[in-house]
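Comments concern the structure below.
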Protein chains: 2
Amino acid sequence: MRRTKAEAKETRQQILLAAEKVFYEKGVAHASMEDVARAAGVTRGAIYWHFANRADLVLELYNSLPMPQEDLIARELEAENADVFGVLERVGREWLELLATDEHRQRILSILLRCDTSGEFAAISERQNDLDDEHMQALEAAFAKAEGQGKLDGAWTPRSAASMLRWVIKGLCSEWLLFGRRFDIASEGKDALHRLFATYASHAPSAR
Amino acid sequence: MRRTKAEAKETRQQILLAAEKVFYEKGVAHASMEDVARAAGVTRGAIYWHFANRADLVLELYNSLPMPQEDLIARELEAENADVFGVLERVGREWLELLATDEHRQRILSILLRCDTSGEFAAISERQNDLDDEHMQALEAAFAKAEGQGKLDGAWTPRSAASMLRWVIKGLCSEWLLFGRRFDIASEGKDALHRLFATYASHAPSAR
DNA sequence: CAACATACAAACAAGGCTGTATGTTAGTTT
DNA sequence: AAACTAACATACAGCCTTGTTTGTATGTTG
């Protein structure tokens with residue numbers, strides 16, 4: 001019954017896909033490893049061979065998502081006269097489109113959003129929190145740069161602008177994912193982003 | 001061992017308090033009824049006497065939170081020349097302060113946010129969703145009224161304004177609750193609300 | 001082509017937790 | 001004060017799960 005390495009990788013992939021499906025449908029807490037195994041067409045033995053336990057399985061699900069290249073964005077923002085708002089708005093749009101078109105991402109993020117973050121999955125949510133912290137720092141720095149360029153309206157501080165942006169994106173995505181995707185996240189999201197960045201810009205040109 | 005009615009109510013209250021504490025610390029999924037019973041100084045028998053099961057217990061926890069009087073707010077907005085933005089901003093501020101000062105609310109909402117909404121607790125999250133829907137409709141109607149009064153900046157539609165407001169408040173509260181309350185939600189929240197409503201107002205008077 | 005490691009399946013052991021059924025004591029009603 | 005019932009405690013049955021261990025056939029390597 002021994003499989004070749006390539007076949008094993010495929011098995012692992014099958015398990016991940018099955019986990020995504022089962023966890024999404026039944027919830028991480030209420031789905032058993034047996035459920036996942038059945039859905040993958042293997043036994044629990046296979047799962048425990050490839051993954052240490054359920055938490056590890058969920059973690060690997062999360063790791064299977066390619067994340068946007070942050071360093072690349074950071075480099076774009078390095079230039080002295082970088083168009084901060086332009087870059088940020090574009091990055092936001094790209095993220096929304098990524099989410100809107102990648103169903104795996106949708107399901108996996110739904111799983112993470114719905115799962116009980118205390119206890120066994122604390123590690124995962126902590127990693128997300130750390131990432132969030134980094135994002136906030138980067139965002140704040142970017143807005144500070146815009147402020148230095150005189151482009152940030154006086155009503156905003158770098159921190160308040162960054163916070164608001166994050167809250168909006170998080171709220172948008174959570175609502176869309178948890179709520180049955182009842183609206184067009186790409187179009188409504190881009191819309192919202194555009195409005196938001198318009199209010200950041202110092203003294204809207206009042207183009208009447 | 002039979003208790004008087006008043007004592008029984010107290011027992012029930014103790015159980016609710018214990019559940020709040022235990023569920024908050026260990027997570028709803030990973031805490032057993034026995035844990036709750038011990039924390040309350042009773043046995044599981046008492047819990048099952050007062051509550052049907054764990055889901056019911058959580059539901060009653062949620063029900064124990066007094067909710068803002070929405071009809072009252074609606075009435076305030078009914079007046080022909082009502083100050084929509086003023087009322088909404090005040091309501092938002094009041095909600096933030098309520099959350100900031102009521103530790104029970106903080107813990108219970110944290111529990112709800114962290115708990116696995118699929119499966120046994122689906123009913124609760126559905127109720128929240130329904131409430132959210134109502135709020136959205138009310139909000140949209142309010143902004144529509146402001147639009148009718150010529151107070152809503154042309155860049156916004158009632159729907160986009162309402163959505164944005166909700167996303168911001170939700171994002172703000174979730175982050176604060178899930179993230180260890182690492183900032184002053186009352187002050188930062190009011191700040192954000194004020195900025196947001198300023199952008200809603202048609203052509204900010206540019207009070208320089 | 002041994003010898004070994006890999007990739008699983010199948011069996012096992014153990015436990016924790018839920019829900020319920022039953023027991024018991026003390027209020028409550030008449 | 002007897003009869004009834006509310007408010008629990010205790011005991012029980014049973015299930016489902018997890019993690020592990022053992023078995024085994026097959027790649028893989030020297």
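Throughout, protein chains are lettered first and strands after them, A, B, ... in sequence-line order, and every chain is numbered starting at 1. Remember, it's a predicted structure, so these values are computed and weren't measured experimentally.
- Phosphate contact (OP1/OP2 of dC8(C), side-chain N/O of Trp49(A), threshold under 4.0 Å): absent.
- In this structure, NZ on Lys170(B) lies 12.0 Å from CG on Leu165(B), to the nearest 0.5 angstrom.
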Taking distance alone, no hydrogens or angles, what donor-acceptor pairs closer than 3.5 Å link side-chain atoms of residues 66-78 of chain A to residues at least two apart or in another chain?
from, atom 1, to, atom 2, distance (Å)
Glu70(A), OE2, His135(A), NE2, 3.1
Glu76(A), OE1, Arg90(A), NH2, 2.6
Glu76(A), OE2, Arg90(A), NH2, 2.7

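- The closest side-chain donor-acceptor pair between Ser160(A) and Thr157(A) falls under 3.5 angstrom.
- Scanning for side chain to side chain donor-acceptor pair (under 3.5 Å) contacts around Asp102(A) gives an empty result, with sequence neighbours left out.
- A straight line from CZ of Phe51(A) to C1' of dT18(D) spans 17 Å, rounded to a whole angstrom.
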Short N/O separations, protein against nucleotides 15-18 of chain C, under 3.5 angstrom:
from, atom 1, to, atom 2, distance (Å)
dT18(C), OP1, Arg54(B), NH1, 2.9
dT18(C), OP1, Arg54(B), NH2, 3.3
dT18(C), OP2, Met33(B), N, 3.3

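- DNA chain C is contacted by both Glu7(B) and Gly45(B); Gly45(B) maps to the nucleotide lying nearer its 5′ end (nearest heavy atom per residue).
- Contact annotation: Thr4(B) reaches the phosphate of dT28(C) (side-chain N/O to OP1 or OP2, under 4.0 Å).
- When the side-chain nitrogen and oxygen atoms of His50(A) are compared with OP1 and OP2 of dA7(C), none of them lie within a distance under 4.0 Å.
- Under the 30°/60° scheme for interplanar angles, the aromatic rings of Tyr200(A) and Trp156(A) are found to stand perpendicular.
- The stretch residues 8-22 of chain A has no heavy atom under 4.0 Å from DNA chain D, so no residue of it qualifies as close.
- At a threshold of 4.0 Å, the pair Arg182(A)-Glu175(A) does not count as salt-bridged, since none of the basic side-chain nitrogens sits closer than that to a carboxylate oxygen.
- Under the rule for a side chain to side chain donor-acceptor pair (under 3.5 Å), Asp184(B) has no partner lying at least two apart in sequence or in another chain.
- Looking at residues two or more places apart in sequence or on another chain, you find no side chain to side chain donor-acceptor pair (under 3.5 Å) involving Gln14(A).
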